[in-house]
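Residue numbering restarts at 1 for every chain, and letters A, B, ... go by the order of the sequence lines.
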There are 2 protein chains.
Amino acid sequence: MYRKERRARSEDETRRRIVEAAMRLHEEVGPRATTISAIAARASVQRLTVYRHFADETAIFRACTSHWLSVNPPPDPASWGAVAAPLERLEAALSAFYSYYRATEAMWAAAHRDLAEVPALQEPMAAFARFLAAVADGLFEPFGIGMPAGAPLRATIRHALDFPTWAGLDRQRLPEEEKVALVLAWAAGAAATQSRPSPRAA
Amino acid sequence: MYRKERRARSEDETRRRIVEAAMRLHEEVGPRATTISAIAARASVQRLTVYRHFADETAIFRACTSHWLSVNPPPDPASWGAVAAPLERLEAALSAFYSYYRATEAMWAAAHRDLAEVPALQEPMAAFARFLAAVADGLFEPFGIGMPAGAPLRATIRHALDFPTWAGLDRQRLPEEEKVALVLAWAAGAAATQSRPSPRAA
DNA sequence: ATTTCAGTGAACAGTCATGTTCATCGGAAT
DNA sequence: ATTCCGATGAACATGACTGTTCACTGAAAT
C-alpha cells in the first residue's frame, strides 16, 4: 500500500500556505474582496490547487477562522476571574479586550465591515457576540444589582466590550488606559441611575 | 435658436429618476455594490442614458449625496440652541440625533460599511464628522468645565453622537429614550471624573 | 524500477460589469 | 414642415472572477 508520510507533510504544508494566504488577505482587503485567484497567487500556488484542497470558499473560510482564532485567542475570562472587586474586575477585563482589539484591529474591522456580505462570517461573529454577552454577564453580576435596576450598567458593560466601541474611542485618539478609564466612569454613572424610577403614572 | 422648455423639464425628470434610483440602491445594497447597470434598470432607463447624464460614478455620487442630504437634513443645532441647562441641552440634541439615525439607519449603515471602499464617500463623511465634532463642542461648552479636566465628558459626548454608537445600542434593543437616558448617565459619570488626577509622579 | 498522486499550466465556458460607438426613433422647438 | 437632440437598443472590446477539464511533471512511496 501507499501510506505517504513525507508526502502528507508537504501536502499539509501547501494547505497551510493557502490558509495563511487567505488569512492575510482577509485582514488586508477583507473577506468580501478576497478572491480565490488572489489566494492562490499569494500562496504561490496554482489556482487549481486551491480548488483541490477546498471544495468552496466557505471551506477555506472555516479553516481560516479556526486557524486565526487559535493564533489570536480572545481574552480568557479566567484571567480576571480571581479579581473580586467588581470595578477592578471590569477594569481588568476591559484592558484585556482593548489590547486584544488593538493587536487584532485590522481583522476585526474587516470582519465587521463585511459581515452582511459574507454569509460564512455570520456564524462565527454571532458566536463571538454570544461570548461577549456571557463576559458582560460575568462582569455585571458581581455588582450585585438586581436586574430591572441594573439594566443600564449591564448595557454599558456590553457596549464597552464591542469592537466598534473600541474603534470609535480609538478614532478619538484616546490611549488605551484612557479608554478604560472612560468606560469605568460610564459604568459608575450607569450604576448610579439604578434607582431612578421610570415615569409611570403622572 | 433652440431654447427648449418642456424639453428641458423632461430631461431633468430623467436625471431626477436616475438620482433617485441610485439613492435607493445606495441605501439598499450600499454604494459599493451599486452598479451603473442596476441604476439604469431601477430608473427604467437605458444604461447609455446614465452615461449621458453623468460623466463618471463620482458625478452620480455627488448628485446623490446632496439630494439625499436635502431630503434628510441632519438635526439642526439651532433647535436646542435655546436650551440653557447643559444636561437638558444634551438630552435634546441626543434625542434629535437618535431619531434621525433611526429614520435614516439604512443609509448610514451602508455609508459606514462602504466608507473604505468608496473614495467618493470619504469627503462627505469627513464633513459630517466635522459637523459632529462641532456639535459636540457646542454641547460640551455649557457644562463650563475646563479642557484638560473636561476631556472625558467631551469624549463621551462625541462618542454618543456617532452613528455606530447608536447602532450598537440599538442592537441591544434599547428603545430611543433608554439610549438617551443611558448616555446621560455616562455623561454624569464622565463629568464626575474631572477631578481625578492622572498618576504623574509616584 | 515502478506506481501513485499533489501540483502544474493551459484552455474553455460562463457570468457580470465597464465604457464606447452607431444608426435610429420621436417628441419638442422653430 | 423641418430641425434639433435626448433617449433608445444593439453591438463590441475589455477585464475580472468562477468552476471545470485534461494532459503532464516530478518527487515520494513501494
Side-chain angles (χ1 to χ4, degrees), chain A residues 1-26 28-64 110 114 117-121, chain B residues 1-22 24-26 28-64 110 114 116-121:
Chain A
M1 272 289 120
Y2 193 80
R3 267 183 300 113
K4 62 176 178 179
E5 291 161 22
R6 281 153 86 166
R7 188 70 172 267
R9 245 179 283 148
S10 91
E11 217 178 303
D12 289 353
E13 239 296 297
T14 302
R15 190 189 170 91
R16 197 192 53 76
R17 281 228 313 283
I18 293 171
V19 171
E20 284 237 332
M23 237 178 54
R24 270 180 301 164
L25 284 169
H26 284 169
E28 286 172 31
V29 304
R32 207 215 71 91
T34 295
T35 67
I36 294 191
S37 305
I39 294 173
R42 180 66 71 97
S44 302
V45 139
Q46 208 60 17
R47 192 163 59 94
L48 187 61
T49 305
V50 177
Y51 283 109
R52 241 194 253 295
H53 277 274
F54 301 93
D56 44 60
E57 256 199 284
T58 307
I60 303 182
F61 213 95
R62 262 192 290 272
C64 268
D114 294 355
E117 278 143 306
V118 182
L121 203 47
Chain B
M1 271 288 122
Y2 193 78
R3 267 183 299 115
K4 63 175 175 178
E5 291 163 22
R6 282 153 85 165
R7 189 69 171 269
R9 245 178 282 146
S10 92
E11 216 178 302
D12 289 354
E13 239 297 296
T14 302
R15 191 191 169 90
R16 199 193 53 75
R17 281 228 313 282
I18 293 172
V19 172
E20 284 237 332
R24 270 181 301 166
L25 283 169
H26 284 169
E28 285 172 32
V29 305
R32 208 215 71 90
T34 296
T35 67
I36 294 190
S37 306
I39 294 173
R42 180 66 71 95
S44 303
V45 138
Q46 207 62 15
R47 192 162 59 92
L48 187 60
T49 305
V50 177
Y51 284 109
R52 241 195 254 294
H53 277 275
F54 301 93
D56 44 59
E57 256 200 284
T58 307
I60 303 181
F61 214 94
R62 263 192 288 274
C64 268
D114 294 355
E117 278 143 307
V118 181
L121 204 47

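- Rounding to the nearest 0.5 Å places CZ of A:Arg15 at 8.0 Å from CD1 of A:Ile18.
- A:Ala110 approaches A:His26 most closely through the heavy-atom pair CB-O, 3.5 Å.
- B:Ala59 meets the side chain to side chain contact (heavy atoms under 4.5 Å, CB included) test with B:Phe54, B:Asp56; sequence neighbours excluded.
- In this structure, the separation between NE2 on A:His53 and CG on A:Leu48 is 10.0 Å, given to the nearest 0.5 Å.
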Can you list, pair by pair, the side-chain donor-acceptor contacts under 3.5 Å of residues 32-45 of chain A, counting residues two or more places apart and other chains?
residue, atom, partner, partner atom, Å
A:Thr34, OG1, A:Gly30, O, 2.8
A:Thr35, OG1, A:Ala38, N, 3.0
A:Arg42, NH1, A:Glu28, OE2, 3.3
A:Arg42, NH2, A:Glu28, OE1, 3.0

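- Proximity of residues 28-43 of chain B to DNA chain C (heavy atom under 4.0 angstrom from any strand atom) is restricted to B:Thr35, B:Ile36, B:Ser37.
- Across the protein-nucleic acid pair, B:Asp56 atom CG and C:dT20 atom P stand 10 Å apart, rounded to whole Å.
- The side chain to side chain donor-acceptor pair (under 3.5 Å) search around B:Arg16 returns B:Glu13, not counting sequence neighbours.
- Of all the residues in residues 44-55 of chain A, A:Val45, A:Gln46, A:Arg47, A:Leu48, A:Thr49, A:Arg52, A:His53 reach under 4.0 Å from DNA chain C with at least one non-hydrogen atom.
- Of the inter-residue distances, the one linking B:Leu121 atom CG with B:Thr58 atom OG1 reads 11.0 Å to the nearest 0.5 angstrom.
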